[in-house]
Structure formats: C-alpha cells, structure tokens
Amino acid sequence: MSTKDWILHLDLDQFIAAVELLRHPELRGKPVVVGGSGDPTQPRTVAATATYEAREHGIHSGMPLRTALRRCPDAIFLPSDPPAYEAASERVMNILHTFPVRVEIWGWDEAFLGATTDDPETLAADLQHAVHNHTGLTCSVGIGDNKHQAKLASGFAKPAGIHRLTSDNWAETMNHRPTQALWGIGARTSKKLADLGLHTVAQLAAADPRHLAAHFGPTNGPWYRYLALGKGEAEIVTTPWIARGHSRETTFPHDLTDPADITHHVAALARQVAHDAGEAGRQVTRVTVKVRFTPFLTRTRQSKLPATTTDPDTIAQAAVTILHRFDLNRPIRLLGVAVEYTPPENDQPTLVTLE
DNA sequence: TCTGGGGTCCTAGGACCC
DNA sequence: TCTGGGGTCCTAGGACCC
C-alpha cells in the first residue's frame with residue numbers, strides 16, 4: 001500500500017437526538033421527537049429530528065408536531081436546544097483537531113478531513129473511537145478522493161460505519177442510481193433531468209454538457225454532469241467560515257393581519273439581526289424582508305443600503321420601508337429579515353490543496 | 001403531513017453606461 | 001431615431017443543503 005491523499009467525511013449519527021439521549025438517558029429506547037418549544041399542540045411547528053423508535057411510528061424530521069402526536073400519542077416531545085448542540089459539536093471538533101488531519105467544519109454535525117495515509121480505514125476507526133470515548137456520540141465516516149465522494153460514502157456508512165467511495169468504484173456503486181442520489185441534485189432538478197430522459201447517474205454522466213447548459217444555465221448544467229462523473233471539490237479549507245449574511249424569521253402560530261403589529265415584528269426582527277451583526281463585528285450592506293402569506297405564498301423585497309452600517313435604528317428603518325413596498329392586505333404567517341454582509345477586509349483564507 | 005429556521009449559490013431581466 | 005453590443009449593478013426568485 002502506498003501513501004496517498006484522502007478526503008474523509010465525518011457525519012455524527014442522529015446528532016440532535018443523540019445529544020438529547022445523552023442528557024436524558026432514561027429516554028433511551030423510547031419514541032422521542034425534538035422540535036420547536038417541545039409543545040406538540042402548537043400549530044406550525046415541525047420536528048427537528050426523531051429517534052428510531054419514533055420513526056417506527058412514521059414520524060420523521062420536518063413533520064408537524066401535531067401530526068407526530070397523532071401518530072404516536074405516547075411519544076416524548078423535547079424542545080430544541082441549539083446552545084446544547086453547539087457545545088456538543090465543539091467538543092467533537094476539538095477531538096478531530098488532535099489528529100494529524102486538516103479539518104474543515106461543516107455545520108454542527110459534519111466535518112471534512114484531509115489526510116495523507118496508506119490506511120484511511122484505520123484512521124477512520126481511530127476517529128470514531130476517539131469521538132465515542134470522549135463524547136458518547138457515534139459517527140459514520142466516508143472515504144473518497146474528493147468531498148462529493150466522501151460525503152456520499154458517509155451516507156452509505158450509516159450508522160456508525162466506514163465506507164470507501166473513490167473513482168475506482170464510483171461507476172459500479174453509482175451508475176444505476178437515480179440522479180437525486182448525487183449531492184447537490186434535489187427533487188426539482190432530478191425531475192427536470194428525467195423530463196430530458198436522464199434518469200440515472202450513468203445517463204447524466206454521458207449527457208452533452210452543452211445540452212445541459214441550455215436547460216440549466218452555464219454553471220449548473222455542466223456541473224451536474226461533473227457530479228455524475230464522481231468529481232468534486234478536493235480542497236480542505238481550514239480557516240473558519242466567513243458568513244456571507246445572516247437572517248432571522250418567525251412563523252406565527254396564528255396569522256397576522258394588523259398593520260401596526262406587522263410593522264412592529266419586522267422592526268424587532270431587524271433590530272435582532274443588526275444586534276447579531278454587531279456581535280459578529282460585521283457590516284451590513286443589504287437588507288431583505290421576507291413575507292409569507294397564507295396559505296403559503298412567499299415573497300421577498302430587498303434594497304442595498306446607501307452606506308454600510310450595524311446601527312439597529314438604521315437597519316430597522318430600512319426594513320420597515322421595504323415592508324411597505326408589499327401589498328399587505330392578506331393574512332401573514334411568516335415575517336423574516338435578512339442582511340448581506342460586506343466581506344471583511346484582509347480576508348485571505350488559507351487554502352490547503354490536495355492533488 | 002397545511003408545510004421551521006438558517007444558510008449558500010445561481011439565474012434572469014431591467015437599468016444604466018459607454 | 002426604424003438604433004449595436006458589452007459590461008456591471010440591482011433585484012426577485014429558485015434550488016439545494018443541514
């Protein structure tokens with residue numbers, strides 16, 4: 001065996017549910033659903049995750065809590081607790097940094113690792129043992145030549161396993177699968193591809209990139225074929241991610257119709273976002289207001305600020321001005337405020353390139 | 001199953017300028 | 001004005017992911 005560069009994708013199994021079960025060991029083996037404030041009678045609240053026992057009752061993440069309660073009246077409902085997940089995630093990422101690997105964190109429960117070794121499976125098993133010994137959490141590890149392969153491999157490795165998907169076994173593993181199996185092709189694109197006669201990964205890989213470009217745009221079209229060929233990014237970026245923007249939104253349990261009420265909520269969301277931007281030390285350059293009308297029609301309006309700022313009054317004023325560009329004569333179920341940040345100066349991320 | 005919240009990137013059309 | 005072509009910025013929406 002020869003030493004070679006690998007990309008590993010580490011994915012914590014059932015992360016939110018696993019953290020909750022560590023905090024409430026007495027609930028192990030019971031149907032548990034996590035989401036919202038933990039009140040399953042609250043309308044317009046959905047499950048963030050559900051344990052395997054809850055899944056046996058047909059409950060899954062994204063399902064309204066009221067539906068979950070109907071399907072399993074004995075289920076235990078817990079409120080979502082982001083700070084707890086943040087803390088658990090940080091402990092895991094700290095463990096990864098003790099290994100001779102380059103670490104790129106991808107959200108709470110995932111990381112890509114760059115490693116040079118002749119035995120990636122042993123490295124993967126060592127990582128799993130370290131994470132489990134120090135946190136009680138299990139994870140799946142995918143091994144690939146690039147992030148796309150490693151990401152799909154960790155999916156095949158679930159739960160708690162190790163799987164290798166490289167250019168050597170890509171075709172035999174992926175060619176017969178639907179295009180939606182690729183990371184970055186969802187239900188919509190998969191359907192459009194099928195309408196063009198492209199149902200499988202093999203068919204997409206053999207498609208004419210110009211034909212794809214004509215249907216999906218100059219970047220996306222050829223990119224889909226690239227994915228079908230098993231290609232993908234192979235750079236591990238070890239510097240912390242710099243957010244492009246930030247947002248806050250609220251779905252109201254009951255519709256809003258009073259204009260003063262609507263304005264008040266938008267101003268409050270804008271102040272919150274401005275406060276967050278200030279805490280993060282970032283300047284705001286654009287403000288977007290999002291309105292979701294009943295039953296489910298979503299519209300956005302945005303404007304670029306005359307000057308960058310983090311001042312809550314200025315941002316709230318801008319958001320309220322934008323709000324009044326909407327037709328507000330229909331009941332509203334969601335309001336949101338998003339901002340775009342200016343890129344921080346001296347922003348030169350260090351890239352560690354594989355291959 | 002009456003459908004969360006927080007992100008990222010791409011596309012297309014119009015305005016505007018040379 | 002019976003008007004070419006390209007570049008850039010701004011805005012709204014779509015798709016995807018966790």
Side-chain angles (χ1 to χ4, degrees), chain A residues 9 11-12 14-16 33-40 42-50 57-72 79-80 82 85-86 89 105-111 147-148 151-152 154-155 179-180 182-193 213-224 227 233 241-255 269 272-273 276 285-306 322 325-326 331 333-341:
Chain A
H9 179 255
D11 199 338
L12 291 159
Q14 290 272 288
F15 176 61
I16 292 173
V33 182
V34 183
S37 55
D39 174 5
Q42 179 86 332
R44 298 176 180 173
T45 304
V46 303
T49 189
H57 292 83
I59 298 170
H60 56 80
S61 68
M63 175 180 281
L65 293 186
R66 300 216 288 191
T67 306
L69 178 63
R70 217 179 306 130
R71 293 206 175 182
C72 181
S80 175
Y85 314 140
E86 193 87 53
S89 175
I105 296 168
W106 268 61
W108 281 341
D109 58 349
E110 291 181 42
K147 289 179 182 171
H148 181 209
K151 169 78 183 177
L152 295 186
S154 73
T179 56
Q180 216 184 323
L182 299 169
W183 186 38
I185 294 186
R188 295 302 188 93
T189 303
S190 176
K191 170 81 170 67
K192 285 188 202 167
L193 288 166
H215 281 90
F216 300 97
T219 303
N220 289 337
W223 174 250
Y224 297 152
L227 290 178
E233 187 89 29
W241 177 253
I242 293 162
R244 309 296 198 259
H246 178 63
S247 67
R248 296 263 181 170
E249 63 185 50
T250 305
T251 293
F252 303 97
H254 303 288
D255 292 339
L269 286 164
Q272 176 69 60
V273 170
D276 297 338
T285 182
R286 173 184 302 280
V287 178
T288 301
V289 174
K290 175 168 159 184
V291 179
R292 178 124 75 212
F293 300 97
T294 307
F296 208 74
L297 177 73
T298 308
R299 288 290 178 263
T300 62
R301 293 286 180 274
Q302 59 181 257
S303 66
K304 190 173 164 65
L305 296 174
I322 293 164
R325 285 159 49 195
F326 287 92
R333 57 176 289 151
L334 172 148
L335 290 171
V337 174
V339 295
E340 185 184 312
Y341 293 144

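Order of the sequence lines sets the chain letters (A, B, ...), proteins ahead of strands, with each chain counted from 1.
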Gap between atoms CG and P, on A:Leu227 and C:dC16 respectively (whole Å): 12 Å
- prompt: With a 4.0 Å cut-off on heavy atoms, is A:Gly245 in touch with a base, just the backbone sugar-phosphate, or nothing at all?
  reply: sugar-phosphate
message: Between A:Thr219 and B:dC10, is there a contact of a side-chain N or O with OP1 or OP2 at under 4.0 Å?
response: no
- prompt: What is the distance, rounded to the nearest whole Å, between atom CD of A:Gln302 and atom C1' of C:dC9?
  reply: 12 Å
B:dT3 pyrimidine/purine six-ring stacking with A:Phe296, under 5.5 Å and 30°: yes
- request: Searching all strands shown, indicate the nucleotide that pairs with C:dG5 (Watson-Crick or G-U wobble; both distances under 3.5 Å).
  value: B:dC18
- request: Answer yes or no: does a side-chain N or O of A:Arg301 lie under 4.0 Å from OP1 or OP2 of C:dG13?
  value: yes
task: Tell me, with the steps shown, if A:Glu249 and A:Lys290 meet salt bridge (Lys or Arg N to Asp or Glu O under 4.0 Å).
output: CA-CA 8 Å; A:Glu249 63 185 50; A:Lys290 175 168 159 184; 3.1 Å; yes
- request: Rounded to the nearest 0.5 Å, what's the gap from CD on A:Gln14 to OG1 on A:Thr49? Could you check?
  value: 4.5 Å
message: Over all strands shown, is A:Pro43 touching base, sugar-phosphate only, or nothing at heavy-atom distances under 4.0 angstrom?
response: nothing
- request: Take the protein atom NZ of A:Lys290 and the nucleotide atom C1' of C:dT11, then report the distance between them rounded to whole Å.
  value: 17 Å
N or O in side chain of A:Ser303 less than 4.0 angstrom from C:dC10 OP1/OP2: no
query: Hey, does A:Thr189 reach any base, or is it just sugar-phosphate, or nothing, if we go heavy atoms under 4.0 Å?
result: sugar-phosphate
message: Output the rounded distance in Å from CD (A:Glu340) to P (B:dT8).
response: 10 Å
- prompt: Between A:Arg66 and A:Thr250, which has a closest nucleotide on DNA chain B that is more 5'?
  reply: A:Arg66
- prompt: Any luck finding a side-chain donor-acceptor pair between A:His148 and A:Glu233 under 3.5 Å?
  reply: no
task: May I have the distance from A:Leu152 (atom CG) to C:dC18 (atom P), rounded to whole angstrom?
output: 10 Å
query: Say you draw a straight line from SG of A:Cys72 to CD1 of A:Ile59; how long is it, rounded to the nearest 0.5 Å?
result: 5.0 Å
- prompt: With rounding to whole Å, what would you report as the distance between C:dT3 and B:dC17 at their C1' atoms?
  reply: 16 Å
message: By the 4.0 Å heavy-atom rule, please label A:Lys151 as base, sugar-phosphate, or nothing.
response: sugar-phosphate
field: Under-4.0 Å side-chain N/O to phosphate OP1/OP2 contact, A:Arg333 with B:dT3
entry: yes
message: Classify A:Arg248 by what it touches in the nucleic acid, base, sugar-phosphate, or nothing, heavy-atom distance under 4.0 Å.
response: sugar-phosphate
query: Say you pick atom C1' in C:dG4 and the same atom in B:dC16; how far apart are they, in whole Å?
result: 16 Å
- request: Starting from P on B:dC9, measure out to CD on A:Glu233 and report it in whole angstrom.
  value: 11 Å
query: Is the phosphate of B:dT8, meaning OP1 or OP2, less than 4.0 Å from a side-chain N or O of A:Arg244?
result: no
- prompt: Just checking A:Arg292: base, sugar-phosphate only, or nothing, at a heavy-atom cut-off of under 4.0 Å?
  reply: sugar-phosphate
query: Under 4.0 angstrom, heavy atoms only, what part of the nucleic acid is A:Lys192 near: base, sugar-phosphate, or nothing?
result: sugar-phosphate
- prompt: Are A:Arg70 and B:dC2 close enough that a side-chain N or O sits under 4.0 Å from OP1 or OP2?
  reply: yes
message: Base, sugar-phosphate or nothing for A:His246? Non-hydrogen atoms, less than 4.0 Å.
response: sugar-phosphate
query: So does A:Arg325 have more than 12 non-hydrogen atoms from other groups sitting under 6.0 Å from CZ?
result: yes
field: OP1 or OP2 of C:dG14 under 4.0 Å from side-chain N/O of A:Arg188
entry: no
- prompt: Hey, does A:Trp106 reach any base, or is it just sugar-phosphate, or nothing, if we go heavy atoms under 4.0 Å?
  reply: nothing
Between C:dC18 (P) and A:Glu86 (CD): distance, integer Å: 18 Å
message: Need one value for A:Ala47: base, sugar-phosphate or nothing, where a base atom within 4.0 Å counts as base even if backbone is also close, heavy atoms only.
response: nothing
message: Classify the ring geometry of A:His246 against A:Tyr341: parallel below 30°, tilted from 30° to 60°, perpendicular beyond 60°.
response: parallel
- prompt: With sugar-phosphate meaning primed atoms plus P, OP1 and OP2, does A:Trp241 contact a base, only sugar-phosphate, or nothing at under 4.0 Å between heavy atoms?
  reply: sugar-phosphate
- request: Establish, with yes or no, whether the OP1 or OP2 oxygen of B:dT1 is under 4.0 angstrom from a side-chain nitrogen or oxygen of A:Arg44.
  value: no
message: Under 4.0 Å from OP1 or OP2 of B:dG7: is there any side-chain N or O of A:Ser247 that close?
response: yes
- prompt: So, does A:Ser154 use its side chain to make a donor-acceptor pair with the main chain of A:Lys151 at under 3.5 Å?
  reply: yes
task: Would you indicate which nucleotide in B:dG4, C:dC17, C:dG13 comes nearest to any side-chain atom of A:Val46?
output: B:dG4
- prompt: According to a strict under-4.0 Å criterion, is A:Thr251 in side-chain N/O contact with OP1 or OP2 of B:dG5?
  reply: yes
message: If you assign each of A:Leu334 and A:Asn220 to its closest nucleotide in DNA chain B, which residue comes earlier from the 5' end?
response: A:Leu334
- prompt: When the distance from CZ of A:Arg325 to P of C:dC10 is rounded to whole Å, what number comes out?
  reply: 14 Å
query: Hey, does A:Thr298 reach any base, or is it just sugar-phosphate, or nothing, if we go heavy atoms under 4.0 Å?
result: nothing
task: Describe the nucleic acid contact of A:Ala68 in one word from base, sugar-phosphate, nothing, applying a heavy-atom distance below 4.0 Å.
output: nothing
query: At under 4.0 Å between heavy atoms, what does A:Gly107 touch on the DNA or RNA strands: base, sugar-phosphate, or nothing?
result: nothing
- prompt: Of all the nucleotides listed (C:dC10, C:dC17, B:dT3), which has the minimum atom distance to the side chain of A:Arg286?
  reply: C:dC10
task: Could you tell me whether A:Asp255 and A:Arg44 make a salt bridge, using a distance below 4.0 angstrom between a side-chain N and a carboxylate O?
output: yes
